[in-house]
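Here the structure is a predicted model, which means the values were calculated and not measured.
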Amino acid sequence: MKPLAEKIWFNGELKAWEDAKIHVLTHGLHYGTSVFEGVRAYDTPKGPAVFRLAEHTQRLFDSARIYHMPIPFTPEQINEACKETLRVNGLKSAYLRPIAFLGECGLGVTPKPENVKVDVAIAAFPWGAYLGEDGLTKGVDVIVSSWQRLAPNTVPPAAKAGGNYLSSYLIGREARSRGYEEGLGLGTDGRLSEGAGENLFLIMKGKIHTPPVSSSILGGITRDTVLTLAREAGIEVIEQALPREMLYLADEVFMTGTAAEITPIRSIDDIPTRVGGPGEVTKLMQQRFHGLFNGETEDTYGWLDYVN
């Protein structure tokens with residue numbers, strides 16, 4: 001595979017893309033003991049900036065805390081390493097992947113504390129819209145998966161951990177094997193949870209409805225951004241458990257995530273939304289969100305962390 005960038009930050013050093021290697025007996029490879037983030041940098045009128053870098057790094061450390069995984073760097077060092085990786089690769093607009101994982105700790109599922117070794121890497125490379133550029137403008141077709149999301153008190157969905165994404169893999173693969181762009185997962189109670197890698201929003205009579213964090217979702221940073229921008233725009237936001245059939249009755253539906261940004265849904269299980277694609281509320285959220293990066297929306301919260 002052709003390198004996507006020149007350098008990767010690995011345990012405090014910048015290495016050539018092809019030289020950033022791990023051992024085949026790495027614990028994280030065998031047991032999914034990794035925590036990671038997806039972060040985007042945008043080329044703004046004031047120069048390249050990372051979106052909500054501090055919040056992403058804090059979530060990385062929070063995920064590691066849940067799994068008792070000591071990251072051998074400070075949040076400030078990780079923030080600077082993210083910007084350094086962008087600079088050394090000459091990237092103005094990019095996707096970043098910071099990841100911390102258990103390295104060579106032996107093959108026991110639970111390594112002894114004295115043997116725990118945490119490796120940290122940061123990659124940065126160009127990556128367009130996760131579900132396609134057409135998806136951002138026209139919307140995507142999705143299905144409700146036969147696979148349920150993680151049950152409470154099993155694997156913690158609040159941690160953005162590698163092992164959690166086996167669930168996402170099954171949900172997404174099922175959808176794409178049947179010709180759809182993405183799959184949505186229900187919780188074990190049969191209520192709405194989230195997409196394979198995205199949070200879910202429904203618009204009904206001008207109000208935004210979204211499942212709460214208790215619905216086995218990852219509390220997404222883009223999700224929080226949309227909630228903030230919606231309230232600023234005077235749109236009522238309701239976080240509550242939602243039954244599946246609300247998907248079929250909604251006027252508009254969209255998904256959010258760092259990779260997906262704000263992607264409209266035009267049909268669920270072959271039932272079109274009432275507007276059949278991006279509606280007024282979805283378009284407003286897209287406009288305000290992308291406005292943060294083209295200068296049309298004032299960054300009143302200090303969400304943009306400038307690289308230079």
Using a 4.5 Å cut-off on heavy atoms from C-beta on, say whether the side chain of [Y] contacts that of [X].
X	Y	value
Leu25	Leu107	yes
Phe101	Val118	no
Val109	Tyr31	yes

Say whether [X] and [Y], considering side chains only, have a donor N or O and an acceptor N or O under 3.5 Å apart.
X	Y	value
Lys160	Tyr165	yes
Glu182	Tyr130	no
Asp269	Tyr180	no

So, applying side chain to side chain donor-acceptor pair (under 3.5 Å) with Arg52, which one of Asp305, Thr258, Asp224, Thr222 is it?
Asp224
N/O donor-acceptor pair under 3.5 Å between [X] side chain and [Y] backbone:
X	Y	result
Asn294	Glu296	yes
Thr225	Ile221	yes
Arg288	Thr297	no
Ser145	Leu184	no
Gln77	Thr74	yes
Thr26	Ile22	no

Apply side chain to side chain contact (heavy atoms under 4.5 Å, CB included) to Thr273 and list each qualifying residue two or more places apart in sequence or on a separate chain.
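Checked Thr273 against side chain to side chain contact (heavy atoms under 4.5 Å, CB included); matches are Val253, Ile268, Val275.
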From Tyr306, Tyr95, Phe293, residue fulfilling ring pair (Phe, Tyr, Trp, His ring centres under 6.0 Å) relative to Tyr42
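Considering Tyr306, Tyr95, Phe293, a ring pair (Phe, Tyr, Trp, His ring centres under 6.0 Å) with Tyr42 is found only for Phe293.
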Test log, rule ring pair (Phe, Tyr, Trp, His ring centres under 6.0 Å), inputs Phe61 and Phe73:
CA-CA 10 Å; Phe61 277 77; Phe73 298 93; 9.2 Å; no
For residues 183-196, pull every pair meeting salt bridge (Lys or Arg N to Asp or Glu O under 4.0 Å), keeping only residues two or more places apart or in separate chains.
Arg149-Glu194
Derivation of the salt bridge (charged side-chain N to carboxylate O under 4.0 Å, His left out) call for Arg97 and Glu37:
CA-CA 6 Å; Arg97 172 52 57 87; Glu37 281 298 313; over 6 Å; no
